[in-house]
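Within every chain, numbering begins at 1; the chains are lettered A, B, ... in the order of the sequence lines, protein sequences first and strands thereafter.
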Number of protein chains: 2
Amino acid sequence: MSEMNEIKRPYHHGDLKRTIIETALQMLRESEGWQFTLREIARRAEVSHAAPYKHFPDKSALLAELALIGFDQLRADLENSIAPFPDSPIKQLSSASRAYIQFGETNPSHYKLMFSSDAGVKPNQVHLNERAMSTLGVLLDILRRGQIVGAFKKKPVEAQAAACWAQVHGLTLLSIDGLLLKEKVGENAAEAALRTLLEGLQQ
Amino acid sequence: MSEMNEIKRPYHHGDLKRTIIETALQMLRESEGWQFTLREIARRAEVSHAAPYKHFPDKSALLAELALIGFDQLRADLENSIAPFPDSPIKQLSSASRAYIQFGETNPSHYKLMFSSDAGVKPNQVHLNERAMSTLGVLLDILRRGQIVGAFKKKPVEAQAAACWAQVHGLTLLSIDGLLLKEKVGENAAEAALRTLLEGLQQ
DNA sequence: AAAACATAGTTGACAGTGTAAACATATGGC
DNA sequence: GCCATATGTTTACACTGTCAACTATGTTTT
(Lines give C-alpha, C1' and ligand atoms only; values in the text may rest on other atoms or scores of the structure.)
Protein backbone atom coordinates (compact mmCIF):
# COMPACT_ATOMS: atom_id res chain seq x y z
CA MET A 1 0.00 0.00 0.00
CA SER A 2 2.34 2.62 1.23
CA GLU A 3 5.20 1.57 -0.98
CA MET A 4 3.22 2.68 -3.98
CA ASN A 5 3.58 6.28 -2.93
CA GLU A 6 7.22 5.99 -2.09
CA ILE A 7 9.64 6.70 -4.84
CA LYS A 8 12.15 3.94 -4.52
CA ARG A 9 15.47 5.66 -4.63
CA PRO A 10 18.13 3.25 -5.66
CA TYR A 11 20.70 2.19 -3.14
CA HIS A 12 23.32 4.16 -4.96
CA HIS A 13 22.76 7.82 -5.38
CA GLY A 14 24.43 7.90 -8.74
CA ASP A 15 25.98 11.34 -8.60
CA LEU A 16 26.65 11.97 -4.96
CA LYS A 17 29.94 13.74 -5.41
CA ARG A 18 28.45 16.40 -7.63
CA THR A 19 25.42 16.68 -5.36
CA ILE A 20 27.64 17.17 -2.35
CA ILE A 21 29.58 19.90 -4.07
CA GLU A 22 26.49 21.66 -5.28
CA THR A 23 24.84 21.45 -1.89
CA ALA A 24 27.97 22.81 -0.28
CA LEU A 25 28.12 25.68 -2.77
CA GLN A 26 24.49 26.39 -1.99
CA MET A 27 25.17 26.49 1.74
CA LEU A 28 28.14 28.74 1.10
CA ARG A 29 25.72 31.13 -0.52
CA GLU A 30 23.10 30.81 2.19
CA SER A 31 25.14 31.77 5.20
CA GLU A 32 28.38 33.39 6.15
CA GLY A 33 31.45 31.29 6.49
CA TRP A 34 31.79 27.58 6.00
CA GLN A 35 30.51 26.24 9.29
CA PHE A 36 28.04 24.10 7.42
CA THR A 37 28.34 20.50 8.49
CA LEU A 38 28.98 17.44 6.41
CA ARG A 39 26.05 15.80 8.13
CA GLU A 40 23.70 18.54 7.03
CA ILE A 41 24.92 18.11 3.48
CA ALA A 42 24.28 14.40 3.75
CA ARG A 43 20.80 15.10 5.10
CA ARG A 44 19.96 17.38 2.19
CA ALA A 45 21.27 14.82 -0.24
CA GLU A 46 19.10 12.26 1.55
CA VAL A 47 21.98 10.02 2.19
CA SER A 48 23.53 8.64 5.34
CA HIS A 49 25.82 10.89 7.30
CA ALA A 50 28.92 8.93 6.45
CA ALA A 51 28.31 8.70 2.73
CA PRO A 52 30.26 11.85 1.89
CA TYR A 53 33.38 10.17 3.23
CA LYS A 54 33.35 7.89 0.20
CA HIS A 55 34.05 10.95 -1.94
CA PHE A 56 36.10 13.20 0.30
CA PRO A 57 38.60 12.01 2.88
CA ASP A 58 37.53 14.75 5.24
CA LYS A 59 35.80 18.09 5.42
CA SER A 60 38.87 20.09 4.55
CA ALA A 61 39.22 18.14 1.32
CA LEU A 62 35.75 19.25 0.33
CA LEU A 63 36.57 22.82 1.25
CA ALA A 64 39.71 22.65 -0.85
CA GLU A 65 37.71 21.44 -3.82
CA LEU A 66 35.25 24.28 -3.38
CA ALA A 67 38.13 26.72 -3.30
CA LEU A 68 39.49 25.36 -6.56
CA ILE A 69 36.10 25.71 -8.20
CA GLY A 70 36.02 29.28 -6.99
CA PHE A 71 39.34 30.09 -8.62
CA ASP A 72 38.15 28.61 -11.89
CA GLN A 73 34.99 30.68 -11.83
CA LEU A 74 36.89 33.81 -10.94
CA ARG A 75 39.34 33.37 -13.78
CA ALA A 76 36.48 32.77 -16.19
CA ASP A 77 34.79 35.95 -14.98
CA LEU A 78 37.98 37.90 -15.47
CA GLU A 79 38.55 36.58 -18.95
CA ASN A 80 35.01 37.40 -19.96
CA SER A 81 35.34 40.89 -18.59
CA ILE A 82 38.37 41.78 -20.67
CA ALA A 83 37.21 40.24 -23.92
CA PRO A 84 35.32 43.34 -25.14
CA PHE A 85 38.45 45.51 -25.01
CA PRO A 86 41.13 43.69 -26.94
CA ASP A 87 43.06 46.85 -27.78
CA SER A 88 42.92 48.81 -24.56
CA PRO A 89 44.97 47.43 -21.69
CA ILE A 90 43.79 50.26 -19.50
CA LYS A 91 40.14 49.47 -20.10
CA GLN A 92 40.92 45.80 -19.60
CA LEU A 93 42.58 46.48 -16.30
CA SER A 94 39.72 48.48 -14.90
CA SER A 95 37.12 46.12 -16.29
CA ALA A 96 38.89 43.13 -14.77
CA SER A 97 39.21 44.92 -11.47
CA ARG A 98 35.54 45.60 -11.37
CA ALA A 99 34.74 42.01 -12.28
CA TYR A 100 37.09 40.76 -9.59
CA ILE A 101 35.54 42.86 -6.85
CA GLN A 102 32.09 41.94 -8.03
CA PHE A 103 32.90 38.27 -7.84
CA GLY A 104 33.89 38.70 -4.23
CA GLU A 105 30.85 40.75 -3.37
CA THR A 106 28.55 38.23 -5.04
CA ASN A 107 30.14 35.19 -3.40
CA PRO A 108 31.60 36.52 -0.17
CA SER A 109 31.92 33.26 1.72
CA HIS A 110 33.25 31.46 -1.28
CA TYR A 111 35.79 34.17 -1.92
CA LYS A 112 36.99 34.15 1.65
CA LEU A 113 37.22 30.39 1.60
CA MET A 114 39.45 30.54 -1.45
CA PHE A 115 42.04 32.43 0.54
CA SER A 116 41.71 30.59 3.80
CA SER A 117 44.63 28.26 4.05
CA ASP A 118 43.76 28.17 7.71
CA ALA A 119 40.27 27.55 9.12
CA GLY A 120 40.35 23.95 8.09
CA VAL A 121 41.90 23.92 4.64
CA LYS A 122 45.41 22.69 4.76
CA PRO A 123 45.87 19.88 2.25
CA ASN A 124 47.35 20.29 -1.21
CA GLN A 125 47.96 23.89 -0.44
CA VAL A 126 50.61 23.90 -3.11
CA HIS A 127 48.21 22.74 -5.72
CA LEU A 128 45.66 25.22 -4.56
CA ASN A 129 48.11 28.03 -4.71
CA GLU A 130 49.05 27.08 -8.23
CA ARG A 131 45.47 27.42 -9.31
CA ALA A 132 45.22 30.70 -7.46
CA MET A 133 48.35 31.82 -9.22
CA SER A 134 46.86 31.19 -12.60
CA THR A 135 44.40 33.95 -11.84
CA LEU A 136 47.42 36.14 -11.64
CA GLY A 137 48.23 35.10 -15.18
CA VAL A 138 45.31 37.08 -16.58
CA LEU A 139 46.66 40.15 -14.85
CA LEU A 140 50.20 39.62 -16.04
CA ASP A 141 49.03 39.40 -19.65
CA ILE A 142 47.18 42.67 -19.42
CA LEU A 143 50.16 44.44 -17.91
CA ARG A 144 52.63 42.97 -20.37
CA ARG A 145 50.64 44.07 -23.37
CA GLY A 146 50.06 47.41 -21.71
CA GLN A 147 53.77 47.95 -21.45
CA ILE A 148 54.35 47.00 -25.06
CA VAL A 149 51.64 49.34 -26.25
CA GLY A 150 53.11 52.03 -24.06
CA ALA A 151 50.16 52.41 -21.76
CA PHE A 152 52.03 51.48 -18.60
CA LYS A 153 55.40 52.35 -17.17
CA LYS A 154 58.12 49.96 -18.19
CA LYS A 155 58.88 48.40 -14.83
CA PRO A 156 58.91 44.75 -13.75
CA VAL A 157 55.43 43.46 -14.55
CA GLU A 158 55.53 41.09 -11.62
CA ALA A 159 55.78 43.97 -9.22
CA GLN A 160 52.99 45.80 -11.00
CA ALA A 161 50.89 42.67 -10.88
CA ALA A 162 51.48 42.34 -7.17
CA ALA A 163 50.35 45.92 -6.69
CA CYS A 164 47.20 45.39 -8.72
CA TRP A 165 46.34 42.09 -7.15
CA ALA A 166 46.87 43.38 -3.64
CA GLN A 167 44.72 46.35 -4.43
CA VAL A 168 41.72 44.43 -5.74
CA HIS A 169 42.12 41.69 -3.15
CA GLY A 170 42.16 44.29 -0.42
CA LEU A 171 39.24 46.23 -1.84
CA THR A 172 37.24 43.06 -2.26
CA LEU A 173 37.75 41.94 1.31
CA LEU A 174 37.16 45.36 2.81
CA SER A 175 33.97 45.56 0.82
CA ILE A 176 32.84 42.09 1.87
CA ASP A 177 33.44 42.96 5.50
CA GLY A 178 31.45 46.15 5.11
CA LEU A 179 34.39 48.40 5.86
CA LEU A 180 34.11 50.64 2.84
CA LEU A 181 31.49 52.86 4.40
CA LYS A 182 30.54 56.02 2.62
CA GLU A 183 30.91 58.10 5.75
CA LYS A 184 34.45 56.96 6.32
CA VAL A 185 35.83 56.46 2.92
CA GLY A 186 33.72 58.46 0.55
CA GLU A 187 31.36 57.56 -2.22
CA ASN A 188 32.59 54.90 -4.56
CA ALA A 189 35.78 54.27 -2.70
CA ALA A 190 36.72 51.28 -4.78
CA GLU A 191 36.56 53.19 -8.04
CA ALA A 192 38.62 56.03 -6.64
CA ALA A 193 41.19 53.65 -5.19
CA LEU A 194 41.57 51.89 -8.50
CA ARG A 195 42.06 55.23 -10.25
CA THR A 196 44.80 56.12 -7.81
CA LEU A 197 46.63 52.91 -8.51
CA LEU A 198 46.18 53.35 -12.23
CA GLU A 199 47.83 56.74 -12.03
CA GLY A 200 50.83 55.07 -10.46
CA LEU A 201 50.96 52.56 -13.28
CA GLN A 202 50.45 54.84 -16.24
CA GLN A 203 53.31 56.78 -17.68
CA MET B 1 50.05 13.47 53.94
CA SER B 2 49.56 14.09 50.30
CA GLU B 3 47.99 17.44 50.80
CA MET B 4 51.33 18.79 51.96
CA ASN B 5 52.72 18.50 48.44
CA GLU B 6 49.68 19.92 46.80
CA ILE B 7 49.63 23.60 46.31
CA LYS B 8 46.20 24.53 47.40
CA ARG B 9 44.90 26.71 44.64
CA PRO B 10 42.10 28.82 45.94
CA TYR B 11 38.63 28.08 44.73
CA HIS B 12 38.61 31.30 42.80
CA HIS B 13 41.23 31.74 40.17
CA GLY B 14 41.43 35.43 40.78
CA ASP B 15 42.23 36.58 37.28
CA LEU B 16 40.59 34.05 35.02
CA LYS B 17 39.38 36.50 32.42
CA ARG B 18 42.87 37.79 31.75
CA THR B 19 44.26 34.26 31.80
CA ILE B 20 41.68 33.12 29.28
CA ILE B 21 42.51 35.97 26.96
CA GLU B 22 46.23 35.41 27.25
CA THR B 23 45.89 31.69 26.70
CA ALA B 24 43.72 32.31 23.67
CA LEU B 25 46.26 34.78 22.27
CA GLN B 26 48.94 32.18 22.84
CA MET B 27 46.95 29.54 20.98
CA LEU B 28 46.34 32.01 18.20
CA ARG B 29 50.12 32.25 17.89
CA GLU B 30 50.67 28.52 18.10
CA SER B 31 48.50 27.34 15.28
CA GLU B 32 46.67 28.61 12.26
CA GLY B 33 43.16 29.82 12.60
CA TRP B 34 41.05 29.95 15.68
CA GLN B 35 39.84 26.38 15.95
CA PHE B 36 41.19 26.23 19.46
CA THR B 37 38.51 25.08 21.87
CA LEU B 38 37.22 26.76 24.97
CA ARG B 39 37.73 23.49 26.79
CA GLU B 40 41.40 23.41 25.93
CA ILE B 41 41.74 26.95 27.22
CA ALA B 42 40.04 25.89 30.43
CA ARG B 43 42.40 22.93 30.71
CA ARG B 44 45.45 25.11 30.33
CA ALA B 45 44.10 27.52 32.89
CA GLU B 46 43.52 24.52 35.16
CA VAL B 47 39.94 25.34 35.59
CA SER B 48 36.75 23.46 34.85
CA HIS B 49 35.49 23.34 31.30
CA ALA B 50 32.53 25.58 32.00
CA ALA B 51 34.38 28.25 33.92
CA PRO B 52 35.07 30.45 30.88
CA TYR B 53 31.33 30.92 30.49
CA LYS B 54 31.35 33.08 33.59
CA HIS B 55 33.42 35.59 31.65
CA PHE B 56 32.27 35.23 28.08
CA PRO B 57 28.74 34.40 27.00
CA ASP B 58 30.07 32.22 24.23
CA LYS B 59 33.08 31.53 22.09
CA SER B 60 32.35 34.23 19.57
CA ALA B 61 32.37 36.80 22.35
CA LEU B 62 35.90 35.78 23.23
CA LEU B 63 36.91 35.95 19.58
CA ALA B 64 35.43 39.42 19.31
CA GLU B 65 37.44 40.55 22.31
CA LEU B 66 40.61 39.14 20.78
CA ALA B 67 39.87 41.02 17.59
CA LEU B 68 39.50 44.28 19.46
CA ILE B 69 42.80 43.72 21.22
CA GLY B 70 44.37 43.13 17.84
CA PHE B 71 43.14 46.43 16.48
CA ASP B 72 44.51 48.23 19.51
CA GLN B 73 47.92 46.64 19.07
CA LEU B 74 47.95 47.37 15.37
CA ARG B 75 47.12 51.03 15.89
CA ALA B 76 49.83 51.29 18.52
CA ASP B 77 52.34 49.72 16.15
CA LEU B 78 51.37 52.16 13.43
CA GLU B 79 51.66 55.15 15.69
CA ASN B 80 55.07 54.05 16.91
CA SER B 81 56.25 53.54 13.37
CA ILE B 82 55.46 57.06 12.23
CA ALA B 83 56.76 58.86 15.30
CA PRO B 84 60.37 59.14 14.04
CA PHE B 85 59.31 61.08 10.94
CA PRO B 86 57.18 63.96 12.11
CA ASP B 87 57.96 66.12 9.06
CA SER B 88 57.83 63.65 6.21
CA PRO B 89 54.40 62.32 5.34
CA ILE B 90 55.93 60.20 2.62
CA LYS B 91 58.32 58.51 5.03
CA GLN B 92 55.47 58.13 7.47
CA LEU B 93 53.31 56.45 4.90
CA SER B 94 55.90 53.94 3.88
CA SER B 95 56.98 53.30 7.45
CA ALA B 96 53.39 52.74 8.53
CA SER B 97 52.80 50.43 5.59
CA ARG B 98 55.78 48.34 6.51
CA ALA B 99 54.67 48.21 10.14
CA TYR B 100 51.17 47.21 9.09
CA ILE B 101 52.33 44.35 6.92
CA GLN B 102 54.77 43.24 9.55
CA PHE B 103 52.02 43.11 12.14
CA GLY B 104 50.06 40.79 9.90
CA GLU B 105 53.04 38.60 9.13
CA THR B 106 53.94 38.34 12.79
CA ASN B 107 50.41 37.57 13.94
CA PRO B 108 48.78 35.91 10.95
CA SER B 109 45.92 34.17 12.73
CA HIS B 110 45.22 37.16 14.88
CA TYR B 111 45.19 39.47 11.89
CA LYS B 112 42.82 37.23 9.97
CA LEU B 113 40.56 36.95 12.97
CA MET B 114 40.32 40.73 13.16
CA PHE B 115 38.70 40.80 9.76
CA SER B 116 36.54 37.75 10.09
CA SER B 117 33.04 38.91 10.69
CA ASP B 118 32.10 35.41 9.67
CA ALA B 119 33.60 32.22 11.08
CA GLY B 120 31.91 32.73 14.40
CA VAL B 121 32.26 36.41 15.16
CA LYS B 122 29.01 38.19 14.68
CA PRO B 123 28.15 40.13 17.80
CA ASN B 124 28.76 43.85 18.24
CA GLN B 125 30.06 43.95 14.74
CA VAL B 126 29.27 47.63 14.69
CA HIS B 127 31.41 48.27 17.68
CA LEU B 128 34.16 46.17 16.24
CA ASN B 129 34.07 47.99 12.99
CA GLU B 130 34.34 51.29 14.81
CA ARG B 131 37.52 50.17 16.44
CA ALA B 132 38.78 48.91 13.11
CA MET B 133 37.94 52.24 11.62
CA SER B 134 40.05 54.08 14.11
CA THR B 135 43.06 52.37 12.57
CA LEU B 136 42.07 54.19 9.45
CA GLY B 137 42.39 57.42 11.41
CA VAL B 138 46.16 57.11 11.54
CA LEU B 139 46.22 56.83 7.78
CA LEU B 140 43.89 59.77 7.25
CA ASP B 141 46.09 62.00 9.38
CA ILE B 142 49.17 61.14 7.38
CA LEU B 143 47.43 61.81 4.10
CA ARG B 144 45.86 65.07 5.28
CA ARG B 145 49.15 66.49 6.43
CA GLY B 146 50.78 65.22 3.29
CA GLN B 147 48.33 67.18 1.19
CA ILE B 148 48.87 70.32 3.21
CA VAL B 149 52.64 70.04 2.89
CA GLY B 150 52.20 69.42 -0.80
CA ALA B 151 53.58 65.91 -0.83
CA PHE B 152 50.42 64.29 -2.11
CA LYS B 153 47.92 65.16 -4.80
CA LYS B 154 45.05 67.25 -3.55
CA LYS B 155 42.23 64.77 -3.95
CA PRO B 156 39.68 63.48 -1.46
CA VAL B 157 41.74 61.99 1.36
CA GLU B 158 39.10 59.39 2.04
CA ALA B 159 39.58 57.91 -1.39
CA GLN B 160 43.33 57.99 -1.00
CA ALA B 161 42.99 56.32 2.37
CA ALA B 162 40.84 53.60 0.88
CA ALA B 163 43.48 53.00 -1.76
CA CYS B 164 46.26 52.79 0.80
CA TRP B 165 44.33 50.63 3.20
CA ALA B 166 43.23 48.24 0.51
CA GLN B 167 46.79 48.00 -0.70
CA VAL B 168 48.37 47.16 2.64
CA HIS B 169 45.45 44.94 3.65
CA GLY B 170 45.77 43.05 0.40
CA LEU B 171 49.52 42.76 0.59
CA THR B 172 49.33 41.60 4.18
CA LEU B 173 46.86 38.84 3.42
CA LEU B 174 48.60 37.71 0.27
CA SER B 175 51.81 37.55 2.23
CA ILE B 176 50.20 35.64 5.09
CA ASP B 177 48.78 33.13 2.65
CA GLY B 178 52.16 32.69 1.04
CA LEU B 179 51.04 34.01 -2.31
CA LEU B 180 53.79 36.58 -2.77
CA LEU B 181 56.26 34.08 -4.12
CA LYS B 182 59.50 35.37 -5.57
CA GLU B 183 59.10 33.25 -8.70
CA LYS B 184 55.72 34.68 -9.47
CA VAL B 185 55.86 38.17 -8.25
CA GLY B 186 59.47 39.16 -8.04
CA GLU B 187 61.78 39.93 -5.20
CA ASN B 188 60.34 42.21 -2.57
CA ALA B 189 56.95 42.45 -4.16
CA ALA B 190 55.43 44.30 -1.26
CA GLU B 191 57.98 47.10 -1.42
CA ALA B 192 57.57 47.46 -5.15
CA ALA B 193 53.80 47.45 -4.89
CA LEU B 194 53.88 50.17 -2.28
CA ARG B 195 56.16 52.26 -4.46
CA THR B 196 53.71 51.93 -7.32
CA LEU B 197 50.88 53.16 -5.18
CA LEU B 198 52.98 55.99 -3.83
CA GLU B 199 53.67 57.17 -7.36
CA GLY B 200 49.96 57.41 -7.88
CA LEU B 201 49.58 59.48 -4.74
CA GLN B 202 52.47 61.88 -5.17
CA GLN B 203 52.16 64.91 -7.35
C1' DA C 1 28.93 39.53 63.74
C1' DA C 2 25.09 37.27 61.18
C1' DA C 3 22.53 37.05 57.39
C1' DA C 4 21.69 37.80 52.54
C1' DC C 5 23.32 38.34 48.20
C1' DA C 6 26.43 38.37 44.18
C1' DT C 7 30.38 36.45 41.91
C1' DA C 8 33.09 32.95 40.16
C1' DG C 9 33.87 28.48 40.38
C1' DT C 10 32.40 22.92 39.72
C1' DT C 11 29.81 18.85 38.00
C1' DG C 12 26.95 16.54 35.02
C1' DA C 13 24.11 16.36 31.08
C1' DC C 14 22.69 17.02 26.14
C1' DA C 15 22.64 17.43 21.33
C1' DG C 16 25.49 17.68 17.58
C1' DT C 17 29.95 17.14 15.20
C1' DG C 18 33.88 14.81 12.47
C1' DT C 19 35.50 10.56 11.62
C1' DA C 20 36.57 5.42 11.67
C1' DA C 21 35.32 0.51 11.31
C1' DA C 22 32.38 -3.09 10.06
C1' DC C 23 28.88 -4.37 7.25
C1' DA C 24 25.64 -4.31 2.91
C1' DT C 25 24.38 -3.77 -1.85
C1' DA C 26 24.85 -2.83 -6.49
C1' DT C 27 27.87 -2.78 -10.92
C1' DG C 28 31.16 -3.88 -14.38
C1' DG C 29 34.89 -6.88 -16.17
C1' DC C 30 36.18 -11.56 -16.53
C1' DG D 1 27.24 -16.16 -13.68
C1' DC D 2 30.87 -14.61 -10.39
C1' DC D 3 33.66 -11.88 -7.92
C1' DA D 4 36.20 -7.44 -6.92
C1' DT D 5 35.29 -2.87 -6.28
C1' DA D 6 32.86 1.28 -5.59
C1' DT D 7 29.43 3.26 -3.07
C1' DG D 8 26.11 3.17 0.60
C1' DT D 9 24.53 2.26 5.69
C1' DT D 10 24.98 1.49 10.68
C1' DT D 11 27.10 1.78 14.77
C1' DA D 12 30.36 3.69 17.79
C1' DC D 13 33.72 7.03 19.78
C1' DA D 14 35.85 11.07 21.40
C1' DC D 15 35.09 15.64 21.48
C1' DT D 16 32.82 20.08 21.23
C1' DG D 17 29.78 24.27 22.75
C1' DT D 18 26.51 25.26 25.89
C1' DC D 19 23.10 24.88 29.72
C1' DA D 20 21.30 23.97 34.42
C1' DA D 21 21.92 22.93 39.04
C1' DC D 22 24.94 23.15 42.66
C1' DT D 23 28.84 25.13 45.77
C1' DA D 24 32.39 27.98 47.66
C1' DT D 25 34.00 32.48 48.41
C1' DG D 26 33.65 37.69 48.88
C1' DT D 27 30.85 41.70 49.77
C1' DT D 28 27.05 44.31 51.65
C1' DT D 29 23.34 45.06 54.67
C1' DT D 30 21.39 44.83 58.72
Without decimals, in angstroms, what is the distance between B/Gln35 CD and C/dT17 P?
18 Å

Can you list the steps and then say if A/Glu22 with A/Gln26 is a side chain to side chain donor-acceptor pair (under 3.5 Å)?
CA-CA 6 Å; A/Glu22 271 161 17; A/Gln26 178 59 31; over 6 Å; no

Output the rounded distance in Å from CG (B/Asp15) to C1' (C/dT7).
15 Å

To the nearest angstrom, how far is A/Tyr53 atom OH from D/dA6 atom P?
20 Å

Can you list the steps and then say if A/Phe71 with A/Phe115 is a ring pair (Phe, Tyr, Trp, His ring centres under 6.0 Å)?
CA-CA 10 Å; A/Phe71 278 115; A/Phe115 291 92; 5.4 Å; yes

Just the rounded figure in Å: distance from P of D/dG17 to CG of B/Leu63.
10 Å

Report the C-alpha distance between A/Glu105 and A/Ser175 in whole Å, list the side-chain angles of each, state the deciding distance to 0.1 Å, and finish with yes or no for side chain to side chain donor-acceptor pair (under 3.5 Å).
CA-CA 7 Å; A/Glu105 288 173 342; A/Ser175 171; 2.5 Å; yes

Please list all pairs meeting side-chain hydrogen bond (donor to acceptor under 3.5 Å, both in side chains) that have one or both residues in residues 187-197 of chain A, counting only residues at least two apart or in different chains.
A/Arg98-A/Glu191

In whole angstrom, give the distance that lies between atom CZ of A/Phe56 and atom P of C/dA20.
15 Å

Neighbour count above 12 (heavy atom, 6.0 Å) for B/Glu199 CD
yes

List every contact pair, protein side and nucleotides 10-15 of chain D side both N or O, where the distance is under 3.5 Å.
| unit_1 | atom_1 | unit_2 | atom_2 | d |
| --- | --- | --- | --- | --- |
| D/dT11 | O4 | A/His49 | NE2 | 2.8 |

How many whole angstroms separate atom CG of A/Leu16 from atom C1' of C/dA26?
14 Å

Here's a test of your reading of the structure: between A/Leu38 and A/Lys54, which maps to the more 5' nucleotide of DNA chain C?
A/Leu38

Compare all side-chain heavy atoms of A/Leu93 with those of A/Cys164 and state whether any distance is below 4.5 angstrom.
yes

Nearest to the side chain of B/His55, heavy atoms from C-beta on, is which of D/dG17, C/dG9, C/dG18?
C/dG9

